[in-house]
Protein chains: 2
Amino acid sequence: MSQSEPLRISVVTEYSAIVRGLHAMLHRHESRVMIVDQDLDGDNPRQVDIALYDTFAQDQGGTGEVARLARHPRVGRVAVLTWNFDEELVQQALSRGASGYLARSLPAAALVDALERVHRGETVVSTPTGHGQVAGEWPGREEALAPREAEVLALITQGLPNTVIAAQTHLSINSVKSYIRTAYRKIGVTSRSQAVLWGVRHGFEPDRRRHRPVGGATIASL
Amino acid sequence: MSQSEPLRISVVTEYSAIVRGLHAMLHRHESRVMIVDQDLDGDNPRQVDIALYDTFAQDQGGTGEVARLARHPRVGRVAVLTWNFDEELVQQALSRGASGYLARSLPAAALVDALERVHRGETVVSTPTGHGQVAGEWPGREEALAPREAEVLALITQGLPNTVIAAQTHLSINSVKSYIRTAYRKIGVTSRSQAVLWGVRHGFEPDRRRHRPVGGATIASL
DNA sequence: CCCGGAGCCACCCTTTCGGGTGAACCCGCA
DNA sequence: TGCGGGTTCACCCGAAAGGGTGGCTCCGGG
């Protein structure tokens, strides 16, 4: 795999910080992979080798989205990048066309390896390494928010209630509330409304031009 | 008062829609009054004849702000434009230097009259006409929101809880909840978080460059 | 002159949120 | 090996929010 063109990877997410983080993370392997930041459904439809679906504040397992990407004429393979390793979710993603189900906790080199194997046609499923330190970047990292806290905040910034957040993240509602509590403390708010405002002012609003979800638990008419 | 320069009026509010509405309302009397849309504390400190403090989603009676304006070297007189005629509020405003306490429900001609009388040195207090139709404009008017509904929504968009909203508007908490209910129905949301999002997307965020309140019940550190 | 809309408020009830505590587990680091 | 932080969850409690109903006044238009 050494002397061919670098793999063209499109990161499917609504959060630019995710793309930036992955870009920075994989930059030192630019001879093997490159992040192409383009709209797959836009006017500039160049082929990408792998669509990397990041589940941050997204439908976990991306039921509809993974299938759509798998059918996408410009997309070679589909891989999911996540920290949720429910057997159910893994199977769902694979059955809908994903060739990779990769852990957020993977170090850069391992991630590149996995991507190359996916591109070769293998089906790569990370072993859930437990909960190691997570590399990369996410919205709110600078504000000392843990990934889960940031994720919950991102969903709050979409106006979702705790029950929906729990369903979408496959967490118990008690866990959701735990993350909310610690997140509130870190960002210095005491109510959901204030959290929403903090979110919109700190780039937690999903960038819907980047990728608009299909169906699912989103709020219409806003 | 017919053949002199038109009065220069600065509208003190955090909402551009308020300025636009007043501007449109008074436009046909431009020989007698003109709205100057400038930052009183900016680099362009031209004298204004009257600072017109609009209480929309603002500290009613504008305790500190009225006093500040009254002392302001570039401001001739201070008038309050409001729909709150609690005796307490009126006295407070007047004692802090306001020369006018004018009703939102005044038609354009009467408002111009009142402004001219204020400028001449009279102290003008509107008689609370009951609750007539309110002329002018306010954020959310196009969305069929009544003034009070819009006001409550504006305060929600600042992240304030109902108790604070009630205190700031001098309404009972039950009234606040009533307005919230009807407003939610009109804008099609079912939760405060969604209302906040609706607010930021429909220009309900205060424009703090326009005028930053002194003290009071605002949320710090957002 | 009645109706409807706006403003204002009260009482009720259920759901949601906010926050405190405690407790597992896994990890990396000192 | 112990500590801290992240992840996950449970239980509990009080406070806030959401929503329904009803009632009153004032106003303007048909």
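Because the structure is a prediction, the values reported are computed rather than measured. In the text below, chain A, chain B and the rest are named by the order of the sequence lines, each starting its count at 1.
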Between CG on residue B/D86 and CD on residue B/Q91, distance to nearest 0.5 Å: 11.5 Å

For atom CD1 of A/I173 and atom P of C/dT16, their distance in whole Å: 8 Å

Length of the line joining B/D86:CG and C/dC9:P, which is rounded to integer Å: 9 Å

Options D/dG6, D/dG19, C/dA6, nucleotide nearest the side-chain atoms of B/T190: D/dG19

Residue-phosphate contact under 4.0 Å: A/Y179 side-chain N/O, D/dT7 OP1/OP2: no

Parallel, tilted or perpendicular: ring planes of A/H27 versus A/H23, cut at 30 and 60 degrees: tilted

Atom-to-atom span, CD1 of B/I180 to C1' of C/dG7 - whole angstrom: 15 Å

Presence of A/R185 side-chain N/O under 4.0 Å of C/dG20 phosphate oxygens OP1/OP2: yes

Touch class at under 4.0 angstrom, heavy-atom based, for A/R181 against every strand present: base

side-chain N/O B/R148 vs C/dG5 OP1/OP2, d < 4.0 Å: no

Protein-nucleotide distance (A/L153, atom CG; C/dC17, atom P), rounded to Å: 14 Å

Spacing of A/Y184 atom OH relative to C/dC17 atom P, expressed in whole Å: 8 Å

Sugar-phosphate, base or nothing in reach of A/L171, heavy atoms under 4.0 Å: sugar-phosphate

Presence of B/S175 side-chain N/O under 4.0 Å of C/dC9 phosphate oxygens OP1/OP2: yes

Between D/dT7 (P) and A/R104 (CZ): distance, integer Å: 11 Å

Nucleotide D/dA15, atom C1' - distance to NZ of A/K177 in whole Å: 12 Å

Nearest-nucleotide pick for A/A146, side chain only, options being C/dA6, C/dG18, D/dT7: D/dT7

Exam field: side chain B/E151 to backbone B/A57, donor-acceptor pair closer than 3.5 Å: yes

Side-chain N or O of A/N162 closer than 4.0 Å to phosphate OP1/OP2 of C/dC17: yes

Touch class at under 4.0 angstrom, heavy-atom based, for A/S178 against every strand present: base

Side-chain N,O (B/N174) to OP1/OP2 (C/dC9) below 4.0 Å: no

Student check: side-chain heavy atoms of A/S16 and A/D207 closer than 4.5 Å: no

OP1 or OP2 of C/dA10 under 4.0 Å from side-chain N/O of B/S172: yes

Backbone of B/L145 reached by a side-chain donor or acceptor of B/W138 within 3.5 Å: yes

Separation of atom CD in B/E149 from atom C1' in C/dC8, rounded to whole Å: 13 Å

